[in-house]
**Q** 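Got a structure for you, written out below as structure tokens; questions coming shortly.
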Amino acid sequence: MLSTEFQPLQNDFYQQPTLNTARQLLGARLFRILDGELVSGRITETEAYIGEDDRACHAKAGLTERTKIMYGRAGTAYVYFTYGMHWMLNVVTEAEGFPAAVLIRSVAIETGIECIKARRPGVKPSEWTNGPAKLTKALGIDGSFNGIDLTGKGNGLWIEPGIVISDANVTIGARVGLYSVPEPWKSFPWRFLVTG
DNA sequence: AGCACGATTAACT
DNA sequence: GTTAATCGTGCTC
């Protein structure tokens, strides 16, 4: 059933500095209506990508057909394809005109377990959504979600407030998978992970 | 028109 | 620890 306790996180939440949004998304709940069922999970890992100067951010290429979403309204989904096979889910942050986003890297499924089990046969529950491409596959998120509004429930994908994660349970470190990104961007502590 | 590369994953040795 | 899979994007010719 649909949650009535909370409403989706709104534009003002995503307009904060990207690092704040990335940190505060830990513990928030990602919702998806999939095959008519409500599936949700707690966000347990995020990364921030901030501005044209960030050599790890796609917006380093400037305003292009691909990156224009990141220049748009905070709270919009930026979904892109990489490695020839994987979709990644991001939320656009900060003011319109400034390109930044938070990559959702991992969630812990809480509801809709049977639905996910059917979609990921033979995969261990702990491996269902513990990676950015795994979670998009498990939740049926692809390029058709690029540019949708995540601040309402109309598109079957949104984020609600969840539990507050204390600093004692958060590990902050360098972003993952940045092989050819130069320093200092490669080592910026812009990854937020729930531990303990 | 062609090319190098990638915010990853699974399946190897 | 290493590597293949696989194709959209952005850059160069």
Side-chain angles (χ1 to χ4, degrees), chain A residues 14 17-26 28 30 32 41 43-72 74-94 98-109 116-148 150 157 159 170-195:
Chain A
Y14 297 110
T18 305
L19 294 176
N20 293 10
T21 302
R23 170 65 179 82
Q24 290 172 33
L25 277 174
L26 295 179
L30 180 66
R32 171 91 173 96
I43 295 174
T44 57
E45 184 179 353
T46 60
E47 283 179 0
Y49 290 86
I50 310 172
E52 295 176 349
D53 293 337
D54 177 5
R55 300 294 295 159
C57 182
H58 291 161
K60 66 177 186 262
L63 178 60
T64 66
E65 187 60 30
R66 181 200 209 188
T67 64
K68 67 182 181 185
I69 300 293
M70 274 198 285
Y71 290 78
T76 301
Y78 170 47
V79 181
Y80 71 88
F81 187 68
T82 191
Y83 290 105
M85 65 190 94
H86 298 309
W87 294 102
M88 305 281 163
L89 173 64
N90 303 252
V91 193
V92 173
T93 56
E94 309 215 24
F98 183 84
V102 173
L103 171 68
I104 310 297
R105 287 190 59 87
S106 180
V107 304
I109 297 294
I116 299 296
K117 186 181 291 181
R119 293 183 59 85
R120 307 228 61 196
V123 179
K124 289 188 293 183
S126 63
E127 306 269 311
W128 280 346
T129 52
N130 67 332
K134 295 182 194 178
L135 76 88
T136 56
K137 179 162 186 166
L139 295 175
I141 297 166
D142 61 20
S144 66
F145 287 78
N146 192 33
I148 67 160
L150 295 176
L157 181 67
I159 303 172
V170 174
T171 298
I172 299 175
R175 293 171 292 180
V176 172
L178 311 184
Y179 295 100
S180 58
V181 174
E183 299 289 359
W185 299 278
K186 186 174 186 170
S187 297
F188 281 159
W190 289 359
R191 174 179 184 235
F192 301 86
L193 174 68
V194 177
T195 50

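Chain naming here is simple, since letters A, B, ... match the order of the sequence lines and numbering starts at 1 in each.
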**Q** Drop me the distance from A:Leu25's CG to A:Ile43's CD1, to the nearest 0.5 angstrom.
**A**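 So the gap between those two atoms works out to 5.0 Å.
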**Q** For A:His58 and A:Tyr80, take the angle between the two ring planes, folded into 0 to 90°, and tell me which bin it lands in: parallel under 30, tilted 30 to 60, perpendicular over 60.
**A**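 Ring orientation of A:His58 relative to A:Tyr80: perpendicular.
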**Q** If only side-chain N and O atoms of A:Thr82 are considered, is one of them under 4.0 Å from the OP1 or OP2 phosphate oxygen of B:dT8?
**A**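 For B:dT8, OP1/OP2 do not have a side-chain N/O of A:Thr82 under 4.0 Å.
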**Q** Can you check whether any acceptor in the base of B:dA7 is under 3.5 Å from a donor in the side chain of A:His58, or vice versa?
**A**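 Per atom types, the contact qualifies.
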**Q** Would you please confirm or rule out a distance under 4.0 Å between OP1 or OP2 of C:dG10 and any side-chain N or O of A:Lys60?
**A**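 Negative; the distance criterion is not met.
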**Q** Looking at every strand, decide which applies to A:Ala61 at a 4.0 Å heavy-atom threshold: base, sugar-phosphate, or nothing.
**A**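 If one applies the 4.0 Å heavy-atom cut-off, A:Ala61 turns out to touch the sugar-phosphate alone, with no base involved.
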**Q** Heavy atoms under 4.0 Å, any strand shown: does A:Met85 hit a base, just sugar-phosphate, or nothing?
**A**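 Touches a base.
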**Q** Base, sugar-phosphate, or nothing: which does A:Val181 touch, judged by heavy atoms less than 4.0 Å apart?
**A**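 Nothing: the residue A:Val181, judged by heavy atoms under 4.0 Å, touches no strand.
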**Q** Considering every strand shown, what is the Watson-Crick or G-U wobble mate of B:dA7 when both distances are under 3.5 Å?
**A**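 Its partner is none (no Watson-Crick or G-U wobble pair with both distances under 3.5 Å).
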**Q** By the 4.0 Å heavy-atom rule, please label A:Arg175 as base, sugar-phosphate, or nothing.
**A**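 No contact.
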**Q** In the structure shown, which nucleotide is the Watson-Crick or G-U wobble counterpart of C:dT12, with both distances under 3.5 Å?
**A**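 Matched C:dT12 with B:dA1 under the 3.5 Å cut-off.
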**Q** Can you tell me if A:Arg120 touches the phosphate of B:dA10, counting only side-chain N or O atoms and a distance under 4.0 Å to OP1 or OP2?
**A**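 Checking A:Arg120 against B:dA10: at least one side-chain N or O falls below 4.0 Å of OP1 or OP2.
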**Q** Would you classify A:Leu178 as touching base, sugar-phosphate or nothing, given that sugar-phosphate means primed atoms plus P, OP1 and OP2, and contacts are heavy atoms under 4.0 Å?
**A**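 Result for A:Leu178 = sugar-phosphate.
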**Q** Decide yes or no, distance alone: a donor-acceptor N/O pair under 3.5 angstrom between the base of C:dA5 and the side-chain of A:Tyr83.
**A**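 Flag unset: no donor-acceptor pair detected.
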**Q** Consider the side chain of A:Lys134, meaning its heavy atoms from C-beta on, and name the nucleotide among B:dT9, C:dG10, B:dA7 that approaches it most closely.
**A**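 Comparing B:dT9, C:dG10, B:dA7 against the side chain of A:Lys134, the answer is B:dT9.
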**Q** At less than 4.0 Å, is any side-chain N or O atom of A:Arg191 found next to OP1 or OP2 of B:dA7? Yes or no.
**A**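 A:Arg191 to B:dA7 OP1/OP2: no side-chain N or O under 4.0 Å.
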**Q** Remember a base hit wins even if backbone is also touched, and classify A:Tyr49 as base, sugar-phosphate or nothing at under 4.0 Å, heavy atoms.
**A**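 Base, at least one base atom sits under 4.0 Å.
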**Q** Counting only heavy atoms not in A:Lys137, do more than 12 fall under 6.0 Å of its NZ?
**A**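 No, the 6.0 Å shell around NZ holds no more than 12 heavy atoms from other groups.
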**Q** Do A:Thr171 and A:Thr195 meet the criterion of a side-chain donor-acceptor pair at a distance under 3.5 Å?
**A**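 Checked: A:Thr171/A:Thr195 side chains pair up, N/O donor to acceptor below 3.5 Å.
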